[in-house]
Each structure stands twice: as C-alpha cells, then as structure tokens.
Participant: 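Please find one structure pasted underneath; my questions will follow.
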Amino acid sequence: MSFFELIGKAALGAVIGGALSLDTVAAGQFLLSSPLVACPLLGWILGNPWLGITIGMALALPWLGTLPVGAYTPPDAPCAAMTVTIASILFSSVHPQLPALFVASVAILPAPLLATLAGFGDNLVYHCNERTVKQAERAYLAGNRCAPAQAVLRGLAGFYLKGLGMILIGGLLCWGWLELVALLPPAFYPLAACFYFAILGLGVGTIISSAKRANVILSTITGLVCGLGLAYLTGGVLW
Amino acid sequence: MLGMGYGFITRPLVDKLPDAELPEARRQATSFFNTQPYFIPLTVGIVERGREENWDEAKLQGIKQNVMGPFGALGDAFFWATLKPLAAVAGLCAAFWLGAVWGIIVLLVIFNLFHLPVRLWGVYLGYNAFQNTPLQLEKFKPHTVITLMSILLGLLSGLILAGFLTRTLLEETSPIVSLSVIWGVIVAFVGNLSSMPIWLNWLMVLVGATMIGLCIPCVLPAF
C-alpha cells in the first residue's frame with residue numbers, strides 16, 4: 001500500500017468514524033456507533049472486515065456497565081473502538097506478515113486509555129456547548145427564531161470535530177503502540193488469543209455483574225449449563 | 001444542550017403564540033432540562049397539551065421539571081441498563097454463531113424495535129394521556145418487562161459464555177483459551193464488586209492471560 005493510499009484510507013476512516021460517533025450522544029442514538037456495528041462497517045469500507053468484526057466483538061460489552069446517568073460522562077468506548085479498528089486495519093495492511101488475531105488483540109490494549117481521552121473530549125465539547133447555549137438563549141429571547149437550530153448545529157459540529165480529532169490523534173497513538181509491539185518475537189503471538197478471549201470474558205462478566213440482580217446471575221448459570229449441554233450433545237465440545 | 005434541543009423541537013408551536021406571551025414561552029422552552037433523551041417527545045406532548053389547556057408558563061415549567069426525574073429514572077433503567085446490554089449480547093450471539101451481518105441486524109432490530117416507537121409515539125401518548133401519562137405507562141408494566149429482559153439477558157450471556165468456552169474464532173480450541181475466558185469473567189466480577197477502574201481490569205486481564213498462556217503449557221505439558 002502506497003503512502004498516499006494509506007493517508008487516503010485513514011482520512012476516509014476518520015470522516016466516516018466521526019460521523020458514526022455522532023450517534024453516541026449528539027444525534028440519532030440508534031446504536032449505529034455501537035462497536036458491534038461501527039467496527040465491521042469500517043472494516044468493510046477499509047477492506048478488512050475480519051479485523052473490524054474481531055475488534056467490534058471484543059469491545060462491544062466491557063463499557064456497557066457504565067451508564068450515562070445524570071451529569072456523569074462515561075468513557076467514549078465507541079470512539080475508542082473505531083479508532084482502534086482504523087489503526088489496526090491500516091497497520092495490518094502495512095505489516096501483512098503479522099497474524100491478524102495478534103494485531104487485533106494488541107490493538108485493543110490501549111482502548112481504555114483512548115476511551116478515557118475521548119470522554120475528556122466529550123467534556124470539552126459539553127463545556128463549549130454551555131457557552132453556545134447561553135448565547136443562543138439570549139439570542140432566542142431577543143427574537144432570533146433560528147437561535148435554537150443554530151445552537152444545535154454548532155453542538156453537532158463540535159461533537160463531529162471531537163470524533164474526527166480523536167480518531168486521528170488516537171489512531172496515531174495506537175499506530176505507535178502497534179509498531180512497538182510488532183518488535184516482539186513470534187513466540188508471543190499465541191498469547192494474543194489468551195488476551196483476546198479474556199477480554200471477551202471480561203465483557204460478558206461486566207454485563208452480568210453490573211446487572212446486580214439475582215435473576216440475571218441465575219439465568220446466566222442456566223444459559224451456561226444449557227449452552228455447554230447443547231455443545232456436548234451436538235458434538236461441538238471441545239478440546 | 002438538551003434544554004436547547006427541547007426549544008428547537010417546540011419552536012414551531014411556541015412561534016404560534018401571541019407576541020406578549022413569546023418571551024416567557026421561549027424562556028420556558030429553552031430552560032434547563034435533563035431526562036432520558038427518548039422520553040423527550042413524551043414530555044413535549046404533556047407540556048403542549050397543558051399549553052392548549054391554557055396553563056400558565058409557570059405551571060408548564062413545573063410539570064416539565066416534575067416529569068424529567070421519573071422519566072429519566074425509568075428511561076435509564078429500561079434503555080441504558082437493560083435494553084442496550086440485551087441488544088448488544090444478542091447481537092454478539094448472532095455475530096458469533098451466524099456471522100457479523102446477523103450481529104449488526106439483530107442488535108439494531110432489537111434496540112430500535114423498542115426505542116423508535118417510544119420516540120415516535122411518545123408525543124401522541126403524552127398529548128392524549130396528559131396528566132394520566134404515568135398511569136398509561138404503568139399499563140405497559142415496565143418493571144415486569146425489565147425483569148423479563150434481565151432474565152433473557154442472563155440466558156444469552158450464559159449461552160455466549162458457553163460459546164466462548166467451547167469454540168474459538170479460529171476454529172482452534174484450547175483449554176488455555178477457555179481458562180482465559182473464565183479469568184476475564186472473574187476479573188469483571190472482582191472489578192465490579194470493588195469498583196475498580198476499567199483500565200485496572202484491563203491490566204489484570206492482560207497479566208492473568210499472559211500468565212495462563214505462559215504457565216499452563218509448562219505445568220501441564222499434555223495441553
């Protein structure tokens with residue numbers, strides 16, 4: 001892949017990722033920004049759906065226990081997932097010799113940091129929006145009928161720029177991390193599968209434990225037993 | 001910004017008011033407002049019905065402030081704490097067993113099947129039921145629905161956990177990988193009980209998974 005092609009794909013990914021990240025809070029909220037949706041979409045667009053799906057599955061659940069209740073701004077997991085997906089797909093196209101699962105597993109490692117950074121970005125946009133809202137309130141009371149629409153559009157632009165910037169800056173950070181990890185000897189590659197599946201377990205565990213309901217725990221155990229029994233009966237088991 | 005959004009969607013109605021009432025109505029429409037976003041149409045319906053019944057702005061502001069707390073609590077419990085995880089886990093199950101396209105379809109259909117009607121139909125419900133809106137909502141038995149959804153969420157979580165334990169994406173199965181899944185679940189429970197930050201969970205998962213990957217093959221060569 002040529003340098004210009006790489007830059008072009010990174011820009012395309014950032015523009016689409018920025019638009020998808022609007023769905024998290026600012027517009028729509030149809031769950032299009034959910035990692036399970038956004039990452040495969042970006043994967044298809046950038047030419048590596050497998051990596052998109054793999055990263056999307058890993059990052060779909062771990063943050064669902066943190067709720068955007070009241071004034072609390074949770075880490076922006078969808079933005080982090082999209083950043084990681086774009087960075088790892090482009091990195092994988094430059095380093096095709098590295099196993100895809102290894103790239104996916106090490107790429108999701110900095111996801112908490114990226115999600116926290118994106119959460120700070122959200123707070124920054126909220127801070128800017130407060131000023132926008134005060135100005136719009138004054139203008140609306142003074143008779144400017146379009147003030148609410150202008151304020152809403154400015155808010156959307158703020159969130160879009162935050163998503164775009166986060167994907168570009170976070171993508172560079174993630175790329176640097178991947179370059180560093182690529183120096184590891186091939187003996188470490190099989191460990192990536194352990195980490196990847198542990199993150200999947202962490203995601204499911206987060207959902208069950210954050211529900212804090214006895215019926216969820218009981219039904220999980222029931223589902224687990226049924227699933228294992230079904231796998232055994234259908235010959236899907238195991239090692 | 002939620003207050004400004006409220007002002008934006010009620011602007012066509014507010015603009016129809018006589019000039020003398022406009023400033024106060026505009027102030028009310030753009031005042032502080034914070035609830036679950038999907039319940040905003042419901043609130044708009046209630047408040048605008050109140051305006052049609054010739055309630056004064058102070059009373060309209062009062063009802064708006066009074067409903068935002070309960071609607072926020074109900075919406076957060078239903079949409080964020082139950083429906084979103086349920087849609088995500090169902091989508092993950094579909095992606096794992098049927099393929100990524102099914103994962104996307106299942107997630108979007110389950111979530112939007114519930115959330116879109118609330119947004120689209122909410123304004124009519126709020127307008128028609130007006131002060132009886134909480135009673136009308138109670139007819140849908142939201143707490144029973146949340147409980148049933150939680151049970152379904154648990155069942156699907158158990159199933160996907162069984163899937164992770166018995167299969168891998170690479171069609172290679174290994175007890176080491178399955179142990180890593182169990183380690184991930186343990187870390188999630190410990191992290192949740194002790195309110196650990198997520199990066200610490202991540203670090204524990206990394207250290208544990210590395211230890212499992214490095215140590216188990218040495219301890220049990222049969223693996």
Side-chain angles (χ1 to χ4, degrees), chain A residues 29-31 34 36-37 40 49 53-54 57 60-62 64-65 67-69 101 109 112-113 129 133 136-137 140-141 145 148-149 151-152 155 190-191 193-195 197-202 204-211 213 215-216 219-224 227-228 231 236-239, chain B residues 1 4-5 7-8 11 15 23 26-27 30 37 76 80-81 84-85 88-89 91-92 95 100 103-104 107-108 111-112 147 150-151 153-164 166 170 173 175-177 180-185 187-189 192 198-199 201-202 205-206 209-210 212-213:
Chain A
Q29 300 195 350
F30 301 112
L31 281 203
S34 163
L36 205 55
V37 179
I53 296 157
T54 311
M57 282 177 71
L61 302 183
L64 283 181
L67 306 177
V69 177
L101 186 62
L109 253 167
L113 173 71
N129 282 350
V133 164
E137 271 173 2
Y140 193 44
L141 291 176
R145 287 181 63 245
V152 169
L191 289 178
C194 291
F195 177 68
F197 276 86
I199 288 294
L200 287 178
L202 178 78
V204 179
T206 303
I207 293 293
I208 307 162
S209 59
S210 58
R213 284 161 178 260
N215 57 22
V216 176
S219 52
T220 303
I221 293 167
T222 312
L224 181 63
L228 288 173
V237 177
L238 323 192
W239 311 322
Chain B
M1 202 47 123
M4 193 49 66
F8 173 64
R11 197 192 64 181
D15 282 349
R26 283 179 170 168
R27 186 172 289 117
T30 55
D76 287 339
W80 293 156
K84 197 175 171 187
V89 172
L92 195 61
I104 294 173
L107 185 146
L108 291 178
F111 188 75
N112 291 306
T147 306
S150 303
I151 291 169
L153 173 67
L155 280 172
L156 288 175
S157 301
L159 277 176
I160 192 71
L161 209 52
F164 291 153
T166 55
L170 298 174
T173 52
I176 296 169
V177 169
S180 302
V181 176
I182 295 167
W183 173 246
V185 176
V187 170
F189 270 88
N192 200 284
I198 198 155
W199 64 266
N201 286 353
W202 226 256
V205 163
L206 175 68
T210 309
I212 289 168

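What you see is a predicted model, and the numbers here were worked out from it, not measured in a lab. Reminder, nothing fancy here: chain letters follow the sequence lines and each chain counts from 1.
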Participant: Could you tell me whether the side chain of A:Val37 reaches within less than 4.5 Å of the side chain of A:Leu31, counting heavy atoms only?
Facilitator: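 Answer no - side chains too far apart.
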
Participant: Heavy-atom cut-off 4.5 Å, strictly under: side chain, backbone, both or neither for B:Ile160 against chain A?
Facilitator: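 Interface part for B:Ile160: side chain.
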
Participant: In terms of heavy-atom pairs under 4.5 Å with chain B, which of A:Thr222, A:Ile207, A:Leu113, A:Ile53 leads?
Facilitator: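 Of the candidates given, the most pairs with chain B belong to A:Ile207.
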
Participant: How about B:Leu161 and B:Val181: do any of their side-chain heavy atoms sit closer than 4.5 Å?
Facilitator: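 When only atoms from C-beta onward are counted, B:Val181 and B:Leu161 do touch, with a gap below 4.5 Å.
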
Participant: Taking every non-hydrogen pair under 4.5 Å, which of B:Ala88, B:Gly154, B:Ala209 racks up the most with chain A?
Facilitator: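 Between B:Ala88, B:Gly154, B:Ala209, the count favours B:Gly154.
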
Participant: Picking from A:Ile221, A:Ile208, A:Ile199, which has the most non-hydrogen pairs under 4.5 angstrom with chain B?
Facilitator: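 Between A:Ile221, A:Ile208, A:Ile199, the count favours A:Ile199.
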
Participant: So how far is it from B:Ile212 CD1 to B:Ser180 OG, rounded to the nearest 0.5 Å?
Facilitator: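 OG of B:Ser180 is found 4.5 Å from CD1 of B:Ile212.
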
Participant: With the side chain counted from C-beta on, respond yes when A:Phe195 and B:Val205 share a heavy-atom pair under 4.5 Å apart, and no when they do not.
Facilitator: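 A:Phe195 reaches B:Val205 side chain to side chain.
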
Participant: Walk me through whether B:Val89 and A:Leu61 qualify under side chain to side chain contact (heavy atoms under 4.5 Å, CB included).
Facilitator: CA-CA 8 Å; B:Val89 172; A:Leu61 302 183; 4.0 Å; yes

Participant: Less than 4.5 Å to any heavy atom of chain A: does that hold for the side chain of B:Leu153, its backbone, both, or neither?
Facilitator: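 Side chain of B:Leu153 only, per the 4.5 Å heavy-atom cut-off to chain A.
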
Participant: Quick check on the interface: out of A:Cys194, A:Gly205, A:Gly227, who has the most heavy-atom pairs with chain B under 4.5 Å?
Facilitator: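 Option with the greatest count: A:Cys194.
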
Participant: Does the side chain to side chain contact (heavy atoms under 4.5 Å, CB included) test come out yes or no for A:Leu228 and A:Leu224, once each step is laid out?
Facilitator: CA-CA 6 Å; A:Leu228 288 173; A:Leu224 181 63; 4.2 Å; yes

Participant: Heavy-atom distance under 4.5 Å to chain B: side chain of A:Ser210, backbone, both or neither?
Facilitator: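 For A:Ser210, heavy atoms of backbone and side chain both lie under 4.5 Å from chain B.
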
Participant: Do B:Trp202 and A:Pro62 come close enough that some side-chain heavy atom pair is under 4.5 Å?
Facilitator: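 SC-SC contact between B:Trp202 and A:Pro62 confirmed.
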
Participant: Pick from B:Thr147, B:Asn201, B:Leu92, B:Asn192: which one has the most heavy-atom pairs with chain A under 4.5 Å?
Facilitator: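 So the answer, after comparing B:Thr147, B:Asn201, B:Leu92, B:Asn192, is B:Asn192.
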
Participant: Please look at B:Phe111 and chain A and tell me whether the side chain, the backbone, both or neither of the residue comes under 4.5 angstrom of a heavy atom of that chain.
Facilitator: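 The answer is the side chain of B:Phe111.
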
